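Please read these numbers as outputs of a predicted model, since none were measured by experiment. Letters A, B, ... mirror the listed sequences (proteins, then strands); counts begin at 1. We use all heavy atoms of the structure for the numbers below, so side chains are in, but hydrogens, waters and symmetry mates are not.
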Amino acid sequence: MSRAVADPAPPPSAALVLVVAGTSLSLAQFAALREYAALLGSNELVALLVLCAYFLGLSIGYRVSARLSRRTLLWLGGITLALNVTLPFSARWFAGAMSAIRLDGNLPPAIFLLVLCGITPFYAVFLPRLIDEARRDEPGTHPLVRLYAAELAGACLGLALVFLVTPARMAILLTLHLAGLVTLLVLFARPRRRTVLALFALLPLYFAAYPQLDRASLTWLYACRNTSYKNVEILASEFSPYQRVDIVRADTSSRLNVTFLYLNGNLLYGTRSLHHHNLFVALLPNFLSFTNTGRACIIAGGSLDNARHLAARTRSLDVVELDEAVVRLTRRHIQEPLGDFPTNWRLTVDDGKHFLGTWHGEPFDVIAVDVPIPSHLQTAMLHSQRFFALARSQLSPGGIFSISLSGKLQELPGGRKRLSNRVLAGLLATFPYVTVVRSGEKDFAWAGDTPFPLSAAIARQRMNSSLDLNPKLREDVGQPTLMFLDPAKVRALAAGCEPIGEADMKLVLQLSLSKLINRYYDPD
Amino acid sequence: MKSFHHHLVGVNLVLTGIFLGVLQWSAFFQLQSNLAATALVWMLATVAWLLGSFLGLVIPGPNREVWWLASTTLGYYLLRWLAAAHVYDLRWLVPLLGCVAIMGGYAGRFFRCRQAAPGGAQNLFFLENTGFVVGMVLTVLALYWLSESAFAAIPAALALACFATAPRNPAAESPSANHEPAAPDAIE
């Protein structure tokens with residue numbers, strides 16, 4: 001293996017160029033993974049698509065770095081700047097337009113091409129080009145170490161900026177990204193023409209216009225994607241370290257002033273179906289079994305409906321939510337406008353697995369997992385047998401673990417690989433008693449070390465009594481049905497099904513792909 | 001022979017990119033599964049990797065590439081073992097981040113060792129980066145088809161492949177022996 005040859009210091013501006021390029025690349029990667037993944041309705045497959053486009057864009061830049069003239073590269077930089085000054089708004093307007101004319105299928109390849117060609121290639125040109133030029137100027141030297149170190153330092157600086165500025169201030173981060181782009185053009189242009197320096201004037205204009213353009217483009221996007229929405233209003237939109245959190249108010253055909261919560265473009269609160277989900281996963285296990293005396297833990301209860309309806313009916317309530325921004329925005333824009341929002345509950349901002357894994361307090365009487373279907377690895381882990389065992393270890397005697405089966409159980413043999421059946425298999429492998437509750441086309445599981453104490457008839461009666469006492473809740477859920485599946489049938493439905501493992505990427509990718517196809521390529 | 005050598009170096013560049021892509025994604029996956037899924041853990045792991053790369057790149061002296069490659073591979077297996085042995089225990093965050101930094105070390109040392117690779121910096125970064133993308137995709141596909149247990153063997157196999165294809169003839173690495181593309185206008 002070779003020994004490195006000592007290299008002289010390269011011209012200082014080469015290192016400056018690479019620090020700026022590295023910083024801009026870090027900022028661009030963060031913004032791309034947040035904005036464009038959200039535009040597609042983020043899941044693991046979408047995140048992989050955006051990341052692949054980002055890194056392949058680097059490869060394109062590396063490949064053409066020595067083949068293009070300075071003039072051509074300057075044009076490339078100018079085109080990249082012209083494109084990025086319109087982002088992310090133009091991407092949202094495009095996405096909305098595609099939805100409006102029912103050509104949504106164009107969006108995934110369009111986003112891929114946008115990131116591949118419009119975000120990274122220009123930045124990638126500099127590193128190999130400067131290294132090879134320095135070697136030609138000083139034969140026998142190897143300036144790669146210093147120059148690549150400069151770019152790595154820039155990448156760290158970019159990460160530091162994301163951390164210090166915080167994702168919530170995306171306008172600042174994107175303006176800094178544009179500043180890096182303009183700086184590169186200024187450093188690159190010889191001589192430094194005033195027209196190039198004048199490009200810095202774009203930065204305050206972009207920053208000033210960002211709030212209005214942000215709201216306008218999101219309003220357009222949601223209005224185009226949801227033809228049943230009228231008078232769309234964006235109450236809040238913020239990037240957290242995890243996702244884009246949007247709170248949207250609109251009139252629907254059946255109700256006025258409905259508030260919806262979208263996380264990375266995925267609807268997670270506001271429809272009757274989602275209120276049903278919340279009722280059966282989090283509320284009913286508490287209403288029916290430990291009235292006013294139980295200790296409850298809700299994992300991923302970010303909408304805080306659980307806090308509203310359970311705080312007064314439990315001895316103590318812990319809500320665990322990974323994303324602080326979700327809780328803050330839903331509290332401000334959904335719960336507090338309704339008035340009488342309780343304060344006697346405790347919020348922990350943490351990963352649900354980590355929370356239960358390190359909990360040393362009193363065991364819980366109810367642990368409810370209020371998550372969507374596992375199209376992300378994180379939510380898949382909350383459906384795994386390992387997590388079920390962890391939850392069981394934190395339950396009190398007679399306690400209930402509650403989770404949605406993500407759909408309706410399917411008869412075998414077709415159901416052997418179905419998500420609902422596999423989740424059930426994991427529950428049956430962990431808990432001695434699992435009650436499957438069916439409401440319409442959805443199944444839920446209430447599991448524990450003892451049989452569920454009520455019959456279906458009494459459970460239905462108490463459910464309706466609870467709903468009658470709570471007009472808001474009744475309005476949200478309507479007239480839900482409730483039945484218990486026969487225990488023998490429940491065991492038969494899970495027979496031969498493999499529980500979800502701790503790292504079931506196959507399941508996650510299948511669900512992600514299915515979601516992508518249904519969203520963009522299903523003619524219905 | 002020179003052509004074969006150049007092709008072999010090219011294969012090594014791609015394989016190393018694949019190796020580093022698999023390593024990085026597997027490491028983040030381990031932390032997500034066995035420690036915590038918080039943004040802070042992700043950011044600290046990213047910084048640790050970058051720091052390791054930086055140190056591997058700039059630490060002077062003999063290249064000792066084999067040692068760096070071995071350390072990176074061992075760092076991965078140590079992280080895998082520690083993360084599985086201390087599930088959800090944030091007291092092990094610092095040692096785990098140390099493992100990530102060690103893993104990043106070869107990512108930097110590799111570039112130091114390949115400074116004179118045929119085809120210049122353009123070819124070096126293009127092949128390694130493209131290999132990295134392949135490594136990312138392979139990690140996801142391996143998790144899809146083979147499950148996580150396959151990562152008990154895949155990184156070691158890739159490390160061996162990188163070792164087997166790494167250049168061993170210092171004379172072939174001199175700049176005069178390299179073919180470099182013609183340069184258009186310089187930036188400086």
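Of the two parts of B:V41, neither the backbone nor the side chain holds a non-hydrogen atom closer than 4.5 Å to a non-hydrogen atom of chain A. Looking at B:W49, there are no atoms closer than 4.5 Å to chain A (heavy atoms on both sides), in backbone or side chain. Only the side chain of A:L390 has a heavy atom closer than 4.5 Å to any heavy atom of chain B. Of the atoms belonging to B:F132, it is side-chain heavy atoms, and not backbone ones, that fall under 4.5 Å from chain A. For chain B, the nearby parts of A:L58 are the backbone and the side chain; heavy atoms of each come within less than 4.5 Å. Of the atoms belonging to A:Y242, it is side-chain heavy atoms, and not backbone ones, that fall under 4.5 Å from chain B. Within the 4.5 angstrom heavy-atom criterion, only side-chain atoms of A:L127, from C-beta onward, approach chain B.
The greatest number of non-hydrogen atom pairs below 4.5 Å with chain B, out of A:A155, A:S59, A:P128, is found for A:S59. Note: B:L90 leads B:L127, B:L90, B:V58, B:L141 in heavy-atom pairs under 4.5 Å with chain A. Taking A:A149, A:P241, A:G357 one by one and counting their heavy-atom pairs under 4.5 Å with chain B, the maximum is reached by A:A149. Between chain B and the residues A:T358, A:L48, A:L73, the largest count of heavy-atom pairs under 4.5 Å involves A:L48.
For the pair A:R34 and A:F239, the cation-pi criterion (under 6.0 Å, within 45° of the ring axis) is not fulfilled.
Between A:K506 and A:D504 there is no salt bridge, since no side-chain nitrogen of the basic residue lies less than 4.0 Å from a carboxylate oxygen of the acidic one.
Side-chain N or O atoms of B:N12 include one that pairs as donor or acceptor with a backbone N or O of B:C162 at under 3.5 Å.
The shortest non-hydrogen separation linking B:R112 to B:G61 is NH2-N, 4.2 Å. Contact record, B:L96 with B:L79: O-CD1, 3.5 Å, taken as the closest heavy-atom pair.
In this structure, B:F125 has its ring center under 6.0 Å from that of A:Y62. Two rings, from B:W25 and B:F29, have their centers 6.0 Å or more apart.
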Applying salt bridge (Lys or Arg N to Asp or Glu O under 4.0 Å), run through B:E65 and B:R114 and close with a yes or a no. CA-CA 10 Å; B:E65 185 174 351; B:R114 298 287 181 278; 2.8 Å; yes
